[in-house]
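Some notes on the structure that comes next.
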Protein chains: 2
Amino acid sequence: MKKIPKPALERLFIYYRVLLSAEQNGETVISSVEMGKRLDLDPAQIRKDLTYCGEFGKPRIGYRVDRLKNELKNILGLEEKKQAVIIGVGRLGMAIYSYPGFAKFGLEIVGLFDNDPTKVGLVLGGEPIRNISELGDFIREKRVPMGILTVPAPAAQRVADIMVDAGICAIWNFAPVTLKVPDRITVRNEDLAVGLATLSWNLLQSGCPYMERNTDTKE
Amino acid sequence: MKKIPKPALERLFIYYRVLLSAEQNGETVISSVEMGKRLDLDPAQIRKDLTYCGEFGKPRIGYRVDRLKNELKNILGLEEKKQAVIIGVGRLGMAIYSYPGFAKFGLEIVGLFDNDPTKVGLVLGGEPIRNISELGDFIREKRVPMGILTVPAPAAQRVADIMVDAGICAIWNFAPVTLKVPDRITVRNEDLAVGLATLSWNLLQSGCPYMERNTDTKE
DNA sequence: TAGATTGTTAATCGATTAACAATC
DNA sequence: TAGATTGTTAATCGATTAACAATC
């Protein structure tokens, strides 16, 4: 299989979702132009992206929705069960744990970990919260390929080291730090504050009228 | 001010954070090489990015930590209070609401909204949950420049329309849909499932040994 | 001064967009 | 058939990397 550029890879998933919704609408065929309209993307780019995984379209017709949907599902591995542990059972960790949208794409949370003694031992949605001291053995024994890191920044590297040592392959990192890990480990940084910062910059640039607060009124 | 390319803009914030931590370590000066090491980035890229906002370094010395930190804070507008409403008080909405890391960068949540009648009226951290029917007027009266969208996908466009109509300038969109809004509105899509999908693909590609589950064992 | 590091220009790389022949 | 749409090649665009003169 050809190498897929990272931005194209991300879009493939977006296409997958548009196909899911098209399928629900009962559409059996869809063109790159129509997908482009729904996603605000260039149709040429969509066609190009899709050729990274093969030729699925028919000139004059477009793409068969169910066919393309299944191809993308296979390529992205959304069918495969991806077992994962969550480390850091704060609000964000819980949000990820309980979000049904992820399970739909094959995510299966098999363990929850925290180092807060008031949390350890609690049972959440059927899963007990374990102590981080058990994390390494747990990953090894259960052969867990993915770790979801939702601990505070200062703890992140330490936890990552434990996971890498235990043979984890991928880390979904929500902590705002650059993890030092071996090249073989896939890390996806999901640093939400970056989004806030870019919005902040844009608000300033755009001259949003609502950014001028009424400082003259006293109450 | 020169236009800043989007990827560079995102990195500027990352630099800001490294400077915060350097400051806490008591470092007064830092070079692009040192920042590059900590962030796993090319020093040339860091220097280039920094020139988008001016010349702050001294040859032979590097960058003065507090100086550069403050420059970046100004450029990104992190000092400015950015008032925002959260629409959709599920777990993710609550996680964002209660995360102290965002307040540090100027985010101030001034309103919570939901359309679930069992939630409306509850008070969370001092803020009552309001009905979405009040959203438009609230934004107009309080002159709220930013909306944080954490509703389920099917509701997202409808809520976005209300916000746009009320004069909002920026939308931080966590719903997995492409919003149709006028060009003047800044939208930041934070579609977490995209991260999951790319990790999924990488896990498959990399041949992670832990992805081969023991299907031969019966129990 | 000598040498390290910046700011900047030029070269490279990669991704997007445009154009169009092939095709159904 | 005629015409719409794909797959693909070529052209453009933008971002990254390399190189180096300026500088402290």
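Chain identifiers are assigned alphabetically (A, B, ...) following the order of the sequence lines, protein sequences preceding nucleic acid strands; residue numbering begins at 1 within each chain.
Rounded to whole Å, atom P of dT23(C) lies 15 Å from atom CD1 of I61(A). The nearest whole Å value for the distance from the NZ atom in K48(B) to the P atom in dA19(D) is 15 Å. For the pair E55(B) CD and dA22(D) C1', the interatomic distance rounds to 11 Å; values are reported in whole Å. Computed from coordinates, the Y63(B) OH to dG7(C) P distance equals 4 Å when rounded to whole Å. Distance, R67(B) CZ to dT6(C) C1': 13 Å, rounded to whole Å. To the nearest angstrom, C1' of dT6(D) lies 15 Å from OH of Y15(A). Put simply, CD1 on I46(B) is 17 Å from P on dA15(D), counting in whole angstrom units. Put simply, CD on Q45(A) is 14 Å from P on dG14(D), counting in whole angstrom units.
Between F102(B) and Y99(B), the two ring planes are perpendicular [angle over 60°; tilted spans 30° to 60°].
Using a 4.0 Å cut-off between charged side-chain N and carboxylate O, E10(A) and R188(A) make a salt bridge.
Base-pair partner of dG14(C): dC13(D) (Watson-Crick or G-U wobble, both distances under 3.5 Å). Across all strands shown, dT8(C) pairs with dA19(D); the Watson-Crick or G-U wobble distances both stay below 3.5 Å. A 3.5 Å limit on both hydrogen-bonding distances identifies dG3(D) as the Watson-Crick or G-U partner of dC24(C).
Distance check, rounded to the nearest 0.5 Å: CG of L39(B) to OG of S32(B) gives 11.5 Å.
Checking dC24(C), dT8(D), dG3(C) against every side-chain atom of R60(B), the shortest atom distance belongs to dG3(C). Looking at the side chain of R47(B), the nearest of the listed nucleotides dA15(D), dC20(D), dT17(C) is dC20(D).
In this structure, the side chains of M35(A) and L50(A) come closer than 4.5 Å at one or more pairs of heavy atoms.
Taking 4.0 angstrom as the limit, S32(B) places a side-chain polar atom (N or O) nearer than this to OP1 or OP2 of dT6(C).
The one candidate from K82(A), E79(A), K73(A), R17(A) that meets the side-chain contact (heavy atoms from CB on, under 4.5 Å) condition with F105(A) is R17(A).
Annotation: of the two residues near DNA chain C, P59(A) and R11(A), the 5′-most nearest-nucleotide partner is R11(A). Annotation: of the two residues near DNA chain D, A8(B) and G62(A), the 5′-most nearest-nucleotide partner is G62(A).
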